[in-house]
Amino acid sequence: MKNRSPLRNLLAAGMLAALSAAAASAMAAEQAVHVRGVITEVSAGGFTVQTAAGAETISLAADTRITGVVPSSIDAIQPGSFIGSANLTNGTHARAQEVVVFPPAMKGSGLGDYPWDLPAHAGGMTAMTGGTVKSSKMGGGSMMHSAMTNGTVKTAIGSGSRSIVVDYGKGEKTIEVMSNTPVVTFMPSDKSAIVKGAHVFVAGKPGTPVAAATVAVGLDGTVPPM
């Protein structure tokens, strides 16, 4: 495999930063809708996604941002790492549903702690009803709510499962990352990755079709866990 030139590396880093800013703002926007599923059809102007609730059509525009999602590992979650985690939380303490370890060029993307809508995985503690994620109870009866937390890891304790403290700008949150929690990272991609059978996460404007602001597409069979 040939090494990338310094200029190409710089361009890739710039692309990641641009994708990151667009993806974070789109995902955090109050009016954005999220579509998760498998691509079943691709056309010149968009694609169709089979979701848990049925088929959704997606339109692409010239300014739609496309980023690739590839596996990472819990070992990549270290002090100083910038991560994003959908988590079930009761305030300052939470359990991760997934973790994105951002490349250095994307550090600072979507900084904050805000509501999220990731349905529960098998064995999870939330439920999806009529398109809405319902909070539920964790051990001890405390109410858990779905949130997205993007910030810098201050401490990471443990091997296998890990307890991390994340500084999200306006506060800190302790997040428990289990050994089987999906951990991924981003890499540059383009429309050529949008193919039948690929798993995607789409954030965009509601409507029929959904106007995609950003598309996170799993590469080589990866399932975007966010």
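Since the model is a prediction, treat every value here as computed from it, not as a measurement.
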Practice problem: Before giving the answer on side-chain contact (heavy atoms from CB on, under 4.5 Å), spell out for Val33 and Glu56 the whole-Å C-alpha distance, their side-chain angles and the decisive distance to 0.1 Å. | Solution: CA-CA 11 Å; Val33 294; Glu56 288 274 8; over 6 Å; no
Quiz prompt | With Ala147 via side chain to side chain contact (heavy atoms under 4.5 Å, CB included) - residues at least two apart | solution = Asn87, Thr89, Asp113, Lys173
Quiz item: How far apart are the C-alpha atoms of Ser179 and Ile74, what are their side-chain angles, what is the distance that settles it, and do they pass the side-chain contact (heavy atoms from CB on, under 4.5 Å) test?
Solution: CA-CA 7 Å; Ser179 59; Ile74 197 168; 5.6 Å; no
Quiz item: Under the side chain to side chain donor-acceptor pair (under 3.5 Å) test, which residues partner Asn180, sequence neighbours left out?
Solution: none
Quiz item: Distance from Gln50 atom CD to Ile39 atom CD1, nearest 0.5 Å?
Solution: 12.5 Å
Quiz item: Can you list every pair that meets salt bridge (charged side-chain N to carboxylate O under 4.0 Å, His left out) and has a residue in residues 145-158, with sequence neighbours left out?
Solution: Lys154-Glu172
Practice problem: Scan Val166, Asp167, Val99 and name whichever one has a side-chain contact (heavy atoms from CB on, under 4.5 Å) with Thr149. | Solution: Val166
Quiz item: Roughly how far, to the nearest 0.5 Å, is CD1 of Ile164 from OG of Ser85?
Solution: 6.5 Å
Quiz prompt | Smallest separation among heavy atoms of Ile66 and Val217, with atom names | solution = CG2-CG1, 4.2 Å
Quiz item: Considering residues at least two apart in sequence or located in another chain, which fulfil the salt bridge (Lys or Arg N to Asp or Glu O under 4.0 Å) criterion with Lys196?
Solution: none
Practice problem: Identify the heavy atoms of Gln97 and Pro182 that sit nearest to each other, and give their distance. | Solution: O-CD, 3.4 Å
Self-check item: Minimum heavy-atom distance between Ile175 and Arg95, given as atom pair plus value
Solution: CG2-C, 4.3 Å
Quiz prompt | Gap between atom CZ of Phe47 and atom CD1 of Ile58 - 0.5 Å precision | solution = 5.0 Å
Quiz item: Thr181 side chain to Glu98 main-chain N or O, any donor-acceptor pair under 3.5 Å?
Solution: no
Quiz prompt | Residue list, side chain to side chain contact (heavy atoms under 4.5 Å, CB included) with Ser72, at least two apart or on another chain | solution = Ala76, Val101, Val183, Thr185
Quiz prompt | Minimum heavy-atom distance between Val35 and Thr51, given as atom pair plus value | solution = CG1-CG2, 3.7 Å
Quiz item: Would you say the side chain of Thr67 lies within less than 4.5 Å of the side chain of Ser189, judging by non-hydrogen atoms?
Solution: no
Quiz prompt | Closest non-hydrogen atom pair, Thr64 against Ala61 | solution = OG1-N, 2.9 Å
Practice problem: For Arg36 and Val200, indicate whether the former's side chain and the latter's backbone hold a donor-acceptor pair under 3.5 Å. | Solution: no
Self-check item: Joint hydrophobic cluster, Val184 plus Val38, side-chain heavy atoms closer than 4.5 Å
Solution: no
Quiz item: Would you say the ring centroid of His145 lies under 6.0 angstrom from that of Trp116?
Solution: no
Exercise. Mind checking side chain to side chain contact (heavy atoms under 4.5 Å, CB included) for Ile157 and listing every partner two or more places apart, or none if nothing turns up?
Key: none
Quiz item: Residues in side chain to side chain donor-acceptor pair (under 3.5 Å) with Ser163, at least two apart?
Solution: Glu176
Practice problem: Mind checking salt bridge (Lys or Arg N to Asp or Glu O under 4.0 Å) for Asp75 and listing every partner two or more places apart, or none if nothing turns up? | Solution: Arg162
Quiz item: Thr208: what forms a side chain to side chain donor-acceptor pair (under 3.5 Å) with it, not counting sequence neighbours?
Solution: none
Quiz prompt | Any pair counted as salt bridge (charged side-chain N to carboxylate O under 4.0 Å, His left out), so long as it reaches residues 208-226, sequence neighbours left out | solution = none
Practice problem: Answer with yes or no whether the hydrophobic clustering places Leu111 together with Phe186; edges join I, L, V, M, F, W, Y residues whose side-chain heavy atoms lie under 4.5 Å apart. | Solution: yes
Practice problem: Work out which heavy atom in Ser59 is nearest to a heavy atom in Ala211; give both atom names and the distance. | Solution: OG-CA, 3.4 Å
Quiz prompt | Distance (rounded to the nearest 0.5 Å) between Lys107 NZ and Asn150 CG | solution = 13.0 Å
Self-check item: From CD1 (Ile83) to CD1 (Ile77), nearest 0.5 Å
Solution: 6.5 Å
Quiz prompt | Selection residues 64-88 - residue pairs positive for ring-ring contact (aromatic ring centres under 6.0 Å, His included), sequence neighbours left out | solution = Phe82-Phe102
Practice problem: Please identify each residue that fulfils side chain to side chain contact (heavy atoms under 4.5 Å, CB included) with Glu41, with sequence neighbours left out. | Solution: Thr48
